[in-house]
Amino acid sequence: MKIEIISWKIIKTSIPTPQRLRTFRLSLLDKIYPLIYSATIFLYPSNPNKKGTITFQVLERSCRLQNSLTKTLVHFYPLAGRLKDAASIECNDQGAYFVEAQISSQLDIELLHQISPITDPKTT
């Protein structure tokens with residue numbers, strides 16, 4: 001199985017964060033809780049045409065997701081910023097990472113556990 005990165009970009013907010021909201025102070029719980037990196041993975045089936053290239057439908061879906069993210073970051077502006085220090089986030093509208101990839105084989109449950117090791121409480 002081969003994972004191929006199609007595109008990697010930073011999606012910025014559609015409207016700049018107001019100056020009065022540029023520094024987001026972390027709560028006491030945020031400060032004492034260990035730093036955890038969290039990624040969200042959305043999986044969508046593709047319908048390649050006979051030549052194996054990505055269809056217009058897949059490109060349209062990607063554009064919609066990117067457009068939605070740029071609007072969502074306006075309301076969740078700290079997610080488009082960067083840690084300033086141990087006590088605050090600089091809400092500088094740098095953006096959120098958006099990566100598109102494709103795999104060369106069928107996606108199965110075992111692969112999903114390798115990508116994102118999440119256990120289903122119903123099966124454990």
Side-chain angles (χ1 to χ4, degrees):
M1 180 195 61
K2 178 183 168 192
I3 298 175
E4 177 186 356
I5 303 291
I6 296 171
S7 72
W8 183 95
K9 53 182 93 170
I10 295 177
I11 306 294
K12 298 188 179 227
T13 61
S14 59
I15 300 170
T17 303
Q19 194 62 37
R20 63 182 168 71
L21 299 174
R22 291 297 233 182
T23 301
F24 183 84
R25 299 196 190 285
L26 298 173
S27 71
L28 178 62
L29 288 175
D30 291 326
K31 293 175 191 175
I32 62 173
Y33 201 77
L35 183 62
I36 296 174
Y37 174 75
S38 175
T40 303
I41 300 173
F42 296 100
L43 303 170
Y44 297 96
S46 66
N47 300 321
N49 60 21
K50 293 178 183 175
K51 296 177 184 174
T53 59
I54 297 174
T55 62
F56 177 75
Q57 180 186 20
V58 174
L59 294 173
E60 183 182 30
R61 185 181 298 141
S62 174
C63 286
R64 264 189 275 137
L65 284 170
Q66 291 176 52
N67 193 22
S68 177
L69 180 58
T70 192
K71 292 174 183 175
T72 302
L73 288 173
V74 171
H75 302 288
F76 298 95
Y77 55 92
L79 298 177
R82 301 294 181 264
L83 281 174
K84 184 176 183 177
D85 52 39
S88 62
I89 297 173
E90 183 179 1
C91 303
N92 54 12
D93 301 327
Q94 282 190 357
Y97 296 109
F98 186 87
V99 179
E100 290 179 276
Q102 68 181 16
I103 61 170
S104 60
S105 64
Q106 290 285 77
L107 190 60
D108 63 2
I109 297 299
E110 291 303 315
L111 176 65
L112 286 177
H113 287 294
Q114 291 174 15
I115 294 173
S116 180
I118 299 172
T119 57
D120 183 357
K122 296 175 187 172
T123 61
T124 56

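Numbers for residues simply follow the sequence, beginning at 1. Worth knowing before you read on, the calculation uses all heavy atoms, side chains too, and leaves out hydrogens, waters and symmetry mates.
Looking at L65 and L69, their side chains never come closer than 4.5 Å, going by heavy atoms from C-beta outward.
Residues N67 and T70 have side chains that never bring a donor and an acceptor to within less than 3.5 angstrom of each other.
Across all non-hydrogen atoms, the minimal contact from E100 to S62 is OE2-OG, 2.6 Å. Closest heavy-atom contact between T13 and A80: CG2-CB, 3.8 Å. Scanning both residues, V74 and I15, for their nearest heavy atoms gives CG2-N, 3.7 Å. Counting all heavy atoms, side chain and backbone alike, K71 lies closest to S14 at CA-OG, 4.0 Å. Shown here for K84 and T23, the closest heavy-atom pair between the two residues is NZ-OG1, 4.0 Å. Taking both residues in full, the closest heavy atoms of C91 and P78 are given as SG-CA, 3.9 Å, listed atom of the first, atom of the second, then distance.
The closest donor-acceptor contact from the side chain of T72 to the backbone of S68 lies under 3.5 Å. Between the R82 side chain and the G95 main chain, a donor and an acceptor come within less than 3.5 Å of each other.
Classification of R22 and D93 as a salt-bridged pair holds, one side-chain N sitting under 4.0 Å from a carboxylate O.
By the rule that hydrophobic residues join a cluster once side-chain heavy atoms approach within less than 4.5 Å of another member, Y97 and I5 end up as members of one cluster. I10 and V99 fall within the same hydrophobic cluster, defined by Ile, Leu, Val, Met, Phe, Trp and Tyr side-chain heavy atoms under 4.5 Å apart, directly or through other members.
With rounding to the nearest 0.5 Å, the separation of CG in D85 from CZ in R25 is 8.5 Å. The line from CD1 of I11 to CG of L73 is 8.5 Å long, rounded to the nearest 0.5 Å.
Ring geometry, F24 versus Y77: the interplanar angle exceeds 60°, so the pair is classed perpendicular (tilted spans 30 to 60°).
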